[in-house]
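Remember, it's a predicted structure, so these values are computed and weren't measured experimentally. Below, chain A is the first sequence line, B the second, and so on; all start at residue 1. Side chains included, hydrogens not; waters and symmetry mates left out as well; all remaining heavy atoms used.
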There are 2 protein chains.
Amino acid sequence: MTAANGRASTTGSGSAGRTAADAGTTRGRAADGAPAGRGPVDDTVAAVVRQWQAVHPHIDTAPMEIIGRINRCAALLQQAEDAPLRRAGLTRPEFDVLGALRRTGHELTPGEIARETFSSGAAVTKRLKQLSERGLIERHGDTRDRRVAHVHLTDAGRDLIDRIQPEQLSYERIALSGLDGDGQQDLAALLGELLIQLEGRLGAPRG
Amino acid sequence: MTAANGRASTTGSGSAGRTAADAGTTRGRAADGAPAGRGPVDDTVAAVVRQWQAVHPHIDTAPMEIIGRINRCAALLQQAEDAPLRRAGLTRPEFDVLGALRRTGHELTPGEIARETFSSGAAVTKRLKQLSERGLIERHGDTRDRRVAHVHLTDAGRDLIDRIQPEQLSYERIALSGLDGDGQQDLAALLGELLIQLEGRLGAPRG
DNA sequence: AGCAGGTGTTTTACTTGTAAAAGATATGCG
DNA sequence: CGCATATCTTTTACAAGTAAAACACCTGCT
């Protein structure tokens, strides 16, 4: 259950949560969607940004407002998402292995699983050992190339992922429900755009 | 340098990177910004989503398209961001500690640092030990309440963070440069909205 | 005063991840 | 054929993180 980190930084991020004013918000849809009421709510990243600006009045903090928020959202969502998995006694990385096997619909080699789940081969080896001890997956060697193994879900593994995955999706839907439908679509599209750039640039060529 | 994870999952995420078509994109601004050329590029999350839809034709994959992308972006950005820090021999969590001290402008107790950086007290204890062994911070006990310690940057620590933080920001700016100015502002605003909801719901009350 | 209970920090025991090396095969080329 | 080199997976040694317990110290109440 451990090592489910929860990073949150951006250029020295973290945050407090005090203060009140308004600062790095934008035009279009922003923090002004609220009917009338109480002053603009502030996320923790905005507070951090303000602190940095007080220290270095001239810096351009735009990157922090995106990257800091991505990291912080990832951390908070992971905490929330972990709940359904915890109940099933699975870690997220383990869940990802089962998910990869389920959604591809066929056997995978450890190397393929590593690529599918963006983890190191060594980490996958460990996870596979545990998952097979729990009877959720099985492995057998390739007959042609005896270096490679093939991994597949057992019936139990398949049942488990099929039971948990919908719970997981529901959980996520609730977590995102603070954003309306349009907001969600816009956010997904923007993140997709960014991701394409990042994967092209930083991600492996991955033919 | 270790334990700088790099999670990427959403409900059994991970991804391949094959396939080509188009699927879960949205209206408004999307993957159609390219002048003419080659078919719509696809991020890895879109491919995963398609795989799931092939397996369970009726599921609503909307949450995956946001959360999966947030996680994947976070993982890729962290890799990239780590570069400048690595050169300085700092891990991200260590950098966050220095950043918190620098941006608040005053001494912090270990507990405050833990809150600022969203980490556990135990983790902070370890980081402080290392940072002080490297001469970047110093600590002294509170005279009133001898349980508490006060931590402050040394001159060396301050010089280090002041040198690295701008590099870090530049790095981040480049990483985000695939998105135009409007896209960045919209993204920051939407993430801020989401974050406010998440922090209100999942984050500690944090008065 | 004296103690029950709370708070700030560190320690302990253990889990998991990583990098690099080791194993075990495959493959290509002279 | 036979070796050098590349590939797939696992092992090894080690670095952090976590939860829970241990410490050390305050505070308030009787």
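The nearest whole Å value for the distance from the CD atom in A:Gln79 to the C1' atom in D:dA19 is 14 Å. Here the P atom of nucleotide C:dT18 and the CZ atom of B:Arg86 are 11 Å apart, to the nearest Å. At whole-Å resolution of the value, CG in A:Asp142 and P in D:dT10 are 13 Å apart. One interatomic measurement links the two molecules: CD of B:Glu94 to C1' of D:dG17, which rounds to 13 Å at whole-angstrom precision. Atom CG of B:Leu131 and atom P of D:dA16 are 11 Å apart (whole Å). Rounded to whole Å, the distance from CZ on A:Phe95 to P on C:dT16 is 18 Å. Summarising the geometry, the separation between CD on A:Gln78 and P on C:dT16 is reported as 16 Å, rounded to the nearest angstrom.
Between A:Arg127 and C:dG17 there is a side-chain polar atom (N or O) within less than 4.0 angstrom of OP1 or OP2. Contact annotation: A:Ser120 reaches the phosphate of C:dT18 (side-chain N/O to OP1 or OP2, under 4.0 Å). Contact check, A:Gln130 against C:dT16: a side-chain N or O comes under 4.0 Å of OP1 or OP2.
Here B:Asp43 does not pair with B:Arg72 in a salt bridge; the nearest charged N to carboxylate O distance is not below 4.0 Å.
Between B:Pro110 and B:Arg139, some side-chain heavy-atom pair lies under the 4.5 Å cut-off. Side-chain contact between A:His106 and A:Leu108: present, with at least one pair of heavy atoms (C-beta onward) separated by less than 4.5 Å. Side-chain atoms of B:His56 and A:Asp162, non-hydrogen and from C-beta on, do get closer than 4.5 Å to each other.
No donor-acceptor distance shorter than 3.5 angstrom exists from the side chain of A:Glu107 to the backbone of A:His152, with no hydrogens or angles considered. Checked by atom type and distance alone, the side chain of B:Glu199 pairs as donor or acceptor with a backbone atom of A:Thr44 at under 3.5 Å.
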Seminar exercise, completed: Counting primed atoms, P, OP1 and OP2 as sugar-phosphate and everything else as base, the B/S/- map of nucleotides 6-11 of chain C against protein heavy atoms under 4.0 Å is BBSSBB

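Here the side chain of A:Arg146 is nearest to one of C:dA26, D:dC26, C:dT18, namely C:dA26.
More than 12 heavy atoms of other residues, nucleotides or ligands lie within 6.0 Å of CZ in B:Arg134, so this atom counts as buried by the packing criterion.
Mapping A:Arg144 and A:Ser119 onto DNA chain C by nearest heavy atom places A:Ser119 closer to the 5' end of the strand.
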